[in-house]
S.K.: 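Got a structure for you, written out below as structure tokens; questions coming shortly.
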Amino acid sequence: MNVFKFGGASVKEAAGVRNLARIIQTQGEGAVVVVSAMGKTTNALEEVVRAYAGGDTDEAVRRWGDVRAYHEGIMRDLAGNHVEENFQSVLNTFAGVETYLHQSATGSFDQIYDQIVSIGEVVSTQIVAAFLNVEAVSAYWADARELVFTDATYREGKVDWEQTSRQIQSLVATRPKQEVIVTQGFIGRAPNGLTTTLGREGSDYTAAIFAYCLDAESVTIWKDVPGVLNADPKWFDDTVLLERITYQDAIELAYYGATVIHPKTIKPLQNKGIPLYVRSFVEPEKPGTAIGDFEQHLLIPSFIFKINQVLISLHPKDFSFIAEDNLSLVFGQFAQAGVKINLMQNTAISFSVVIDQNPSRVPALLEQLRQSFRVNYNEGLELITIRYYDQSTVDRVLINKKLLLEQKSRYTVQLVVKDLGQAM
Ligand code: ASP
Ligand code: MG
């Protein structure tokens with residue numbers, strides 16, 4: 001049994017759905033196929049939530065209408081005049097959403113968020129499963145809201161592995177072996193039966209959950225890039241495709257912010273030794289990148305580049321040392337503000353952290369910190385992480401940059417810099 005995962009970009013238009021069907025026909029017999037919401041649907045549904053939870057039904061309905069029209073366009077392209085005949089399940093989902101939006105909002109914002117945003121995945125998988133059947137691939141639409149059990153942490157559901165394994169295994173046991181099972185990434189079910197989501201970009205994680213529960217042979221994530229590169233081509237020239245990556249390196253790269261794979265995805269696969277392939281849906285005959293239990297770690301440096309970084313330095317107002325008591329205060333305040341620390345460093349009387357700029361969270365955090373610390377604040381910075389660095393790569397990335405802070409461990413260096421090119 002193999003698990004395939006297709007992200008939003010792979011099914012953002014009808015041609016993508018056709019391409020998915022071709023890939024399944026040629027190499028996906030009997031696979032579990034996990035699909036994300038089409039294109040930018042999740043972002044669009046977030047706007048629906050904002051309007052609906054804010055009590056603006058008209059705006060919510062209008063924004064939902066755009067989401068609906070986008071999917072209708074794709075279905076028309078796939079089925080011509082046979083939309084109703086082929087995609088009845090999708091039309092039923094649409095009707096359900098419209099009923100929901102006309103009722104007044106109940107529950108917390110996060111709870112409402114999950115009920116609405118999850119529709120993106122429900123609809124994309126209904127379209128994909130129906131289209132596969134039209135193309136004579138026998139496909140079964142499985143509802144992840146009956147398979148992936150989580151706690152009631154809306155927007156960040158924690159998986160109940162035991163119950164989830166039981167449900168997934170018993171579903172698969174009842175289905176014919178050659179049949180393709182199409183299911184939603186990113187969504188699950190709370191103990192009370194409401195829908196939860198697993199955190200933005202969580203569909204990779206769903207693929208890992210299914211693979212873990214089914215002891216799958218492999219997971220393949222189909223992407224619009226040839227595989228995992230040693231750097232993001234948006235920022236670096238001469239990128240190199242990494243053919244093999246150890247689980248450990250993949251976890252580290254994801255942790256430092258490489259966006260190819262969702263960080264939570266690797267652990268369950270590593271626990272069972274299930275290989276993960278990252279391959280191109282544009283060139284599906286190419287092998288891409290394999291992530292697994294390899295002996296050899298990466299031989300060339302990998303780069304992770306983050307912009308819009310903020311460096312905050314804290315100095316206790318009473319000139320006391322930075323120690324456990326004030327550090328626990330600092331960490332508590334960051335956690336409470338929901339701000340993730342990308343890098344930290346301390347000296348005797350100061351503590352520096354680097355975070356993503358986030359106008360909705362950072363100002364309140366600074367306010368809090370200023371009550372106990374003198375705060376220096378430096379924005380518009382870049383954070384460059386190099387795994388398996390050597391001095392010549394460090395020197396090269398520092399050309400035309402001012403270095404503000406550097407942290408080295410045996411394999412990884414992190415550099416906080418200001419781009420001098422921009423200032424001139
Ligand atoms: N559709 C969800 C999101 O955009 C999940 C995913 O794409 O993995 O966050
Ligand atoms: Mg997505």
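Worth saying up front: this structure is predicted, and the values here are computed from it rather than measured. Order of appearance sets the numbers: ligands from 1, and atoms from 1 within every ligand. Quick note: residue numbers are just sequence positions, from 1.
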S.K.: Heavy-atom contacts with F186 under 4.0 Å: which atoms of ligand 1 show up? List them by number with element.
M.R.: 2 (C), 5 (C)
S.K.: Out of V34, T195, D143, which residue meets the side chain to side chain contact (heavy atoms under 4.5 Å, CB included) rule with Q184?
M.R.: D143
S.K.: Using a 4.0 Å heavy-atom cut-off, say whether S36 meets ligand 1 through its side chain, its backbone, both or neither.
M.R.: side chain
S.K.: Atom CD of residue position E162 - does it have more than 12 heavy atoms of other residues, nucleotides or ligands inside 6.0 Å?
M.R.: no
S.K.: Under 6.0 Å between ring centres, would you say that holds for Y411 and Y389?
M.R.: no
S.K.: Side chain, backbone, both or neither: which part of E121 comes within less than 4.0 Å of ligand 1 when only heavy atoms are counted?
M.R.: side chain
S.K.: Less than 6.0 angstrom separating the ring centers of W161 and Y212, yes or no?
M.R.: yes
S.K.: For K306, look at atom NZ and say whether over 12 heavy atoms of other residues, nucleotides or ligands are found less than 6.0 Å away.
M.R.: yes
S.K.: Closer than 4.0 angstrom: is that true for some heavy atom of G185 and an atom of ligand 1?
M.R.: no
S.K.: Given the ring of F94, does R68 sit roughly above its face, with NZ or CZ under 6.0 Å from the centre of the six-membered ring and within 45° of the axis?
M.R.: no
S.K.: Can you name the atoms of ligand 1, numbered from 1 with element, that are less than 4.0 Å from a heavy atom of T42?
M.R.: 1 (N), 2 (C), 3 (C), 4 (O)
S.K.: Check each atom of ligand 1 against the heavy atoms of S203 and keep those under 4.0 Å away; list them by number with element.
M.R.: 5 (C), 6 (C), 8 (O)
S.K.: Which residue in the set V339, L343, N308, L383 passes side chain to side chain contact (heavy atoms under 4.5 Å, CB included) when paired with I355?
M.R.: V339
S.K.: Would one find an N or O of E201, backbone or side chain, under 3.5 Å from an N or O of ligand 1?
M.R.: yes
S.K.: Taking only heavy atoms of R200 into account, list the atoms of ligand 1 that are under 4.0 Å away from them.
M.R.: 3 (C), 4 (O), 9 (O)
S.K.: Is there a polar contact, in the sense of an N or O pair closer than 3.5 Å, between K5 and ligand 1?
M.R.: no
